[in-house]
Amino acid sequence: MPKTDIIPCTKEEMDKLIEASIDDDFYYMIFNVAKTTGRRLGELYGNQKKKEIGRKKIGKRIVYIDGKQTAIDVNRTIYKKIPNQWDGGVKVKDIDFDENLMKIWVLKRGKAIQDESILTNEVKKIIKHYILKNNLKENDYLFRGKTYRAIQEAVTRYYKKGEINHKVSFHNFRHFFVTELKRKGWTNDEIMKLTGHKSARVLTIYDHVVASDIKDKALHDLKDL
């Protein structure tokens, strides 16, 4: 999860953002995919490669050696991003149009494993249109039609164009996807199979959003208790 709190988007706001992006085939495609799969930008585009540049002492930890307390240093590995080099990312060949599936590379416990997302028929049509219009080949990356930063900046541009009065980031698509499935009664175990979350427990952070849906009803029904 991002460090800053996400202000949830309503369905109306999400629709406005995507409608505003219809002037650009790439953004319209990636926004629709993100909204209906809940996948992170790094899973669609790829994660920037990093190299280890050293270790930093961040504190001490008490351990027992031969029955005696001993303070040992706790170190953290420091990484530096490598410009213009990326791991993972969805290629055209990772889309199975017959099965409505998209293969995704997900980092779990430091290892990249392949996962799958389900594509709706409508989103599948949008992807097909983009591939044909841009003459993409099987080994071309589907979501690298713009730079990583440009995609992030486009979200800001289009939420403003859609007259949404709060900040929206790419993570809002993932937040919206999970929240809407919870509202439809999906369990955390079911949702994590589509989103690639590391554990179902992580998804409990979305419960407060769903609970807010019943606030007005609760205030009305509880006043006479």
> Only one of F31, Y159, Y158 clears ring-ring contact (aromatic ring centres under 6.0 Å, His included) with F173; which?
Replying inline: F31

> Just checking, R40 and F170: is the charged tip under 6.0 Å from the six-membered ring centre and within 45° of the axis?
Replying inline: no

> Rounded to the nearest 0.5 Å, how far does NZ of K161 lie from OG1 of T156?
Replying inline: 14.5 Å

>> Donor-acceptor pair, distance only, cut-off 3.5 Å: does the side chain of R144 make one with the backbone of G46?
In response: no

>> Hydrophobic clusters here meaning ILVMFWY residues chained together by side-chain heavy-atom distances under 4.5 Å, can you tell me if I95 and Y141 are in one?
In response: no

> Checking salt bridge (charged side-chain N to carboxylate O under 4.0 Å, His left out) for the pair E180/R183: CA distance, chi angles, key distance, verdict?
Replying inline: CA-CA 5 Å; E180 288 303 302; R183 286 177 175 142; 2.6 Å; yes

> If you round to the nearest 0.5 Å, how far is CG of L142 from CG of D94?
Replying inline: 9.0 Å

> Judged by modelled atom types alone, do N135 and K133 share a side-chain donor-acceptor pair under 3.5 Å?
Replying inline: no

> Can I151 be reached from I131 by stepping across I, L, V, M, F, W or Y side chains whose heavy atoms are under 4.5 Å apart?
Replying inline: yes

>> Among V123, T37, T120, I127, exactly one meets side-chain contact (heavy atoms from CB on, under 4.5 Å) together with N32. Which residue is that?
In response: V123

> Of the non-hydrogen atoms in G145 and F26, which two are nearest, and what is the gap between them?
Replying inline: N-CE1, 3.4 Å

> Under a single-linkage definition using a 4.5 Å side-chain heavy-atom cutoff for Ile, Leu, Val, Met, Phe, Trp and Tyr, are M192 and L194 assigned to the same hydrophobic cluster?
Replying inline: yes

> If you measure from CG on D115 to CZ on R39, what distance do you get to the nearest 0.5 Å?
Replying inline: 4.5 Å

>> Hydrophobic cluster membership, with links at side-chain heavy-atom distances under 4.5 Å among I/L/V/M/F/W/Y: are W105 and Y148 in one?
In response: no

> Is there a donor-acceptor pair closer than 3.5 Å between any side-chain N or O of D15 and the backbone N or O of E12?
Replying inline: no

> Is F176 reachable from I7 through a run of I, L, V, M, F, W or Y residues, each pair having side-chain heavy atoms under 4.5 Å apart?
Replying inline: no

